[in-house]
Amino acid sequence: MSHRFATRAVRAGLNAEGGHRGVVAPVSVSATYRRNDPGEAGAFDYARTAHPSRALLEAALADLEGAAGACVTASGMAAIDLLLNDLPNGARVVCAHDCYGGTRRLFDARASQGRIEVVYADASDPAALEAALASGADLLFLETPSNPRLRVTDLAAASALARKAGALVAVDNTVLTPALQRPLEHGADIVVASVTKMLNGHSDMVGGMLACADAARHERLCWWANAAGLGSGAFDCFLALRGLRTLPLRAGAQSASALELAERLAAAPGVARVDYPGLKTHPGHAVAARQQSGFGPLLSLELEGGTDRAVAFVKRLELFTLAQSLGGVESLACIPATMTHAAMSAEARAEAGIADALVRLSVGVEDVEDLRADLEGALTATAQNA
Ligand SMILES: *Cc1c(COP(=O)(O)O)cnc(C)c1O
């Protein structure tokens with residue numbers, strides 16, 4: 001019987017343990033697995049290659065993304081670098097210009113080595129994307145909604161353009177997770193994500209994942225993950241599978257609170273602009289409403305009063321902790337220019353619309369009235385200095 005998403009998220013990997021009939025599988029810490037015969041390994045052989053805790057998480061993530069298989073890695077960046085192993089030397093990569101700062105740092109470093117060639121384009125603008133793909137490409141790397149400006153890319157339209165150019169499509173689905181968006185259903189070939197963020201949801205481990213529509217590609221990438229030793233350890237996989245059980249609940253609650261706060265902030269004095277795809281005024285609203293089943297935990301805003309006020313505002317917040325990362329049950333605030341996106345050059349940030357005064361909020365599951373009061377308190381307290 002095929003069950004609905006929330007049921008599959010909760011039940012993933014339960015009752016998998018045979019020996020003691022535990023409902024929840026143990027943390028499988030063994031580095032190695034005994035054999036009956038030197039020439040014949042069992043289901044598991046050596047934990048770099050595979051171990052039960054990782055296998056359960058990979059099966060759960062592949063199922064939730066609708067993929068043939070998933071590889072779970074030690075970080076989101078390890079998953080993105082793993083992806084490059086399936087590309088030929090000198091491969092041409094077209095990447096969203098406002099992708100995660102660490103992705104841009106990695107692609108630029110791989111390009112300066114000559115491993116790949118990378119061009120950045122505003123993927124939310126179909127004409128700009130078509131122009132970037134015009135001379136052919138091996139990979140189109142998308143992130144939607146993008147972070148921190150929350151630009152929305154039409155996944156089906158972008159995938160069709162990429163296919164015409166002969167490019168594979170990979171989508172960084174960190175912010176929404178399969179609870180709110182499943183890129184493979186819109187024509188993408190590969191989903192990558194930081195498990196650290198919304199998937200685990202509790203900011204207590206670091207991990208990544210890569211899920212493929214094609215089984216042969218998944219197998220090649222698993223080969224590389226083993227060869228290079230990129231896989232995640234047992235404790236982190238255990239925590240992530242535990243976090244995953246409440247993903248649909250968290251994604252729903254965080255999206256509802258983020259929308260309410262975005263609406264409040266958009267109407268508040270002293271706020272110059274709010275970026276949130278759930279707002280009807282957002283340029284990507286219609287596409288987001290079509291391809292997503294919720295608008296996610298992330299919003300960004302610019303205040304009147306520039307960088308000094310933005311800094312004063314985030315320092316004044318009490319329930320939004322000033323910290324990098326996103327998607328956890330706890331609310332966080334950051335200034336992308338000096339925090340998450342500091343690795344980008346000032347010119348690249350300007351091109352991607354990341355002003356020094358931009359504030360990014362990740363909305364958690366605290367009572368939304370408390371979060372609203374915290375934001376309004378910080379707005380009022382910093383208004384005099386504006
Ligand atoms: C954090 C993040 C990554 C990198 O993941 P790590 O687990 O920190 O290595 C990649 N993409 C996005 C969108 C992220 O937010």
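We use all heavy atoms of the structure for the numbers below, so side chains are in, but hydrogens, waters and symmetry mates are not. In listed order, ligands and their atoms are each counted from 1.
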For Glu351, enumerate each residue passing the side-chain hydrogen bond (donor to acceptor under 3.5 Å, both in side chains) test, keeping only those at least two apart in sequence or located in another chain. none
Residues passing the ring-ring contact (aromatic ring centres under 6.0 Å, His included) test with Tyr120, sequence neighbours excluded, are none
Do NZ/NE/NH1/NH2 and the carboxylate oxygens of Arg290 and Asp154 come within less than 4.0 Å? yes
Think Lys280 forms a cation-pi with Phe295, using NZ or CZ under 6.0 Å from the six-ring centre and within 45 degrees of its axis? no
List the residues meeting salt bridge (Lys or Arg N to Asp or Glu O under 4.0 Å) with Asp63, not counting sequence neighbours, and say none if there are none. Arg8
I'd like the residue list for ligand 1, meaning every protein residue with a non-hydrogen atom under 4.0 Å from the ligand. Ser75, Gly76, Met77, Tyr100, Glu143, Asn147, Asp172, Thr174, Ser194, Thr196, Lys197, Gly207, Leu326
Salt-bridge contact Asp98-Arg104 (side-chain N to carboxylate O under 4.0 Å): no
